[in-house]
> 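Structure provided below as structure tokens; questions to follow.
The basis for the numbers below is simple: all heavy atoms, side chains too, and nothing from hydrogens, waters or symmetry mates. What you are looking at is a predicted structure, and each value in this text was computed from that prediction instead of being measured.
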Amino acid sequence: DEIKSRPMPNYFGLQRFGINRNNHIIGKYIIARNFDKALKAISNNSRRKYDKIYAVPKTELKFYIHSYQSWIFNEVLNETIKKKKTAGEIKIVGCNTRLGRSFADNIISAILKKERITPEDFSLRDLGISCIGSLRKSFISVTDIEYRRSDDTLTMNFKLPKGSYATVLINEISK
């Protein structure tokens, strides 16, 4: 019942980061134009072996970049929660992102500086890829929660906003 009464952090779920939990790292390699490391990691993650970054489908490259964008968002949300700050929405960094002076934007700036990345780096003209930024709610409400217990089984029904992860809700409940 507690989950009904408080907003839930709107993290990107672990599945966004892949079985090996390294999709975001591959995304960073791509953004940083470290294509040799990206190719090696992509090949380690899949059955396909690519010899050139241009051979990897653009949709797959974008998938890794989106994972990196998600990782940055999660890091900003972690820091926001840790410092007990509020942020209605947090920016997902992309090539069109302009950072201001809000707490969340300052955290994004610090992460980008540490990562040696700029928003402009999310436009990869040489690959014909451009990943734009957007806004994402930092907290969401779970609605229409119903649950049933029988023996050692818990069955739940609930509604989350589009783009939110049920696995995050399960993690929140099982803390």
Side-chain angles (χ1 to χ4, degrees), residues 8-82 87 89-100 102-140 160-172:
M8 180 183 85
N10 196 20
Y11 288 110
F12 284 95
L14 284 177
Q15 63 269 38
R16 184 80 167 200
F17 305 104
I19 292 170
N20 298 323
R21 303 285 189 255
N22 69 344
N23 287 351
H24 65 291
I25 295 167
I26 296 169
K28 185 198 175 174
Y29 290 152
I30 296 165
I31 291 298
R33 279 50 171 197
N34 193 334
F35 298 146
D36 290 338
K37 279 189 173 181
L39 281 171
K40 184 176 180 182
I42 290 168
S43 294
N44 286 341
N45 273 11
S46 68
R47 294 185 181 110
R48 300 229 19 217
K49 306 298 177 212
Y50 299 102
D51 57 344
K52 292 185 178 4
I53 198 74
Y54 303 100
V56 181
K58 283 184 188 180
T59 54
E60 187 173 347
L61 294 174
K62 277 185 146 185
F63 177 79
Y64 292 118
I65 295 168
H66 291 162
S67 181
Y68 184 53
Q69 290 172 301
S70 301
W71 176 82
I72 293 170
F73 175 91
N74 281 1
E75 290 295 303
V76 175
L77 184 54
N78 276 339
E79 197 63 26
T80 301
I81 293 168
K82 191 164 79 175
E89 293 180 316
I90 295 174
K91 291 174 182 164
I92 296 177
V93 180
C95 62
N96 62 333
T97 300
R98 301 290 170 253
L99 296 171
S102 71
F103 178 81
D105 282 5
N106 288 337
I107 299 302
I108 293 169
S109 293
I111 290 170
L112 294 178
K113 183 177 181 181
K114 183 179 175 192
E115 294 279 305
R116 296 185 177 152
I117 298 292
T118 67
E120 294 78 20
D121 291 331
F122 287 85
S123 178
L124 297 106
R125 288 192 176 99
D126 44 340
L127 297 177
I129 294 174
S130 190
C131 292
I132 62 169
S134 61
L135 292 172
R136 180 177 173 89
K137 288 184 178 185
S138 52
F139 290 87
I140 53 148
L160 294 173
K162 183 178 179 182
S164 297
Y165 289 78
T167 53
V168 174
L169 172 63
I170 302 302
N171 286 341
E172 283 294 305

> Given I90, which of V76, I107, N10 fulfils the side chain to side chain contact (heavy atoms under 4.5 Å, CB included) condition?
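For I90, the side chain to side chain contact (heavy atoms under 4.5 Å, CB included) check succeeds only for V76.
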> Just how far is it from atom OG of S70 to atom CD1 of I65, taken to the nearest 0.5 Å?
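One gets 12.0 Å once the value is rounded to the nearest 0.5 Å.
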> Return the CD1 to CG distance between I26 and L39, rounded to the nearest 0.5 Å.
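The CD1 atom of I26 sits 10.0 Å away from the CG atom of L39.
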> When you look at L14 and Y165, which way does the side chain to side chain contact (heavy atoms under 4.5 Å, CB included) test go after all the steps?
CA-CA 9 Å; L14 284 177; Y165 289 78; over 6 Å; no
> For the pair Y68 and I30, evaluate side chain to side chain contact (heavy atoms under 4.5 Å, CB included) and give the outcome as yes or no after the intermediate values.
CA-CA 10 Å; Y68 184 53; I30 296 165; over 6 Å; no
> Between Y11 and N78, does any side-chain donor sit less than 3.5 Å from a side-chain acceptor?
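Short answer, yes.
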> Between I140 and P161, which heavy-atom pair has the shortest distance, and what is it?
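The answer is CD1-CD, 3.7 Å.
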> Which heavy atom of L99 sits nearest to which heavy atom of S109, and what is that distance?
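Taking every non-hydrogen atom into account, CD1-OG, 3.3 Å.
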> Can you name the closest pair of heavy atoms from I53 and A38 and give their distance?
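Taking every non-hydrogen atom into account, CD1-CB, 4.3 Å.
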> Check for me whether R136 meets the cation-pi criterion with F12, that is, NZ or CZ under 6.0 Å from the six-membered ring centre and within 45 degrees of the ring axis.
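The answer is yes; both the distance and angle limits are met.
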> Is it the case that the side chain of K91 and the backbone of T97 share a donor-acceptor pair, with hydrogens and angles ignored and the cut-off at 3.5 Å?
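No: the side chain of K91 does not pair with the backbone of T97.
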> Say you draw a straight line from CZ of R98 to CG of D105; how long is it, rounded to the nearest 0.5 Å?
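Rounded to the nearest 0.5 Å, the CZ-CG separation comes out at 12.0 Å.
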> When you measure from the side chain of S67 to the backbone of R16, do you find a donor-acceptor pair of N or O atoms at a distance under 3.5 Å?
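Side chain of S67 to backbone of R16: a pair is present.
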> Which distance, rounded to the nearest 0.5 Å, do you find between the OG of S134 and the CD of Q69?
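The OG atom of S134 sits 7.5 Å away from the CD atom of Q69.
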> Is a donor on one side and an acceptor on the other found under 3.5 Å between the side chain of E79 and the backbone of F103?
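Checked: no pair found.
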> Evaluate whether atom NZ of K49 has more than 12 neighbouring non-hydrogen atoms of other residues, nucleotides or ligands under 6.0 angstrom away.
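Atom NZ in K49 is crowded, with more than 12 foreign heavy atoms closer than 6.0 Å.
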> Taking it one step at a time, do D121 and L112 satisfy side chain to side chain contact (heavy atoms under 4.5 Å, CB included)?
CA-CA 10 Å; D121 291 331; L112 294 178; over 6 Å; no
> Take atom CD1 in I170; do more than 12 heavy atoms of anything else shown fall under 6.0 Å from it?
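Yes.
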> Between the main-chain N or O of Y64 and the side-chain N or O of N23, is there a donor-acceptor pair closer than 3.5 Å?
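No: the side chain of N23 does not pair with the backbone of Y64.
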> Are any of the side-chain heavy atoms of F122 and S130 separated by less than 4.5 Å?
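No. Closest side-chain heavy atoms not under 4.5 Å.
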> Just how far is it from atom CD1 of I72 to atom CD1 of I117, taken to the nearest 0.5 Å?
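Separation between the atoms: 7.5 Å.
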> Would L127 and K58 count as a side chain to side chain contact (heavy atoms under 4.5 Å, CB included) if you check the C-alpha gap in whole Å, the side-chain angles of each, and the deciding distance to 0.1 Å?
CA-CA 8 Å; L127 297 177; K58 283 184 188 180; 6.0 Å; no
> Mind checking the CZ-NZ spacing from R116 to K28? Nearest 0.5 Å is all I need.
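Between atom CZ of R116 and atom NZ of K28 there are 8.0 Å.
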> In chain order, what residues pass the ring pair (Phe, Tyr, Trp, His ring centres under 6.0 Å) check against F17, with sequence neighbours excluded?
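H24.
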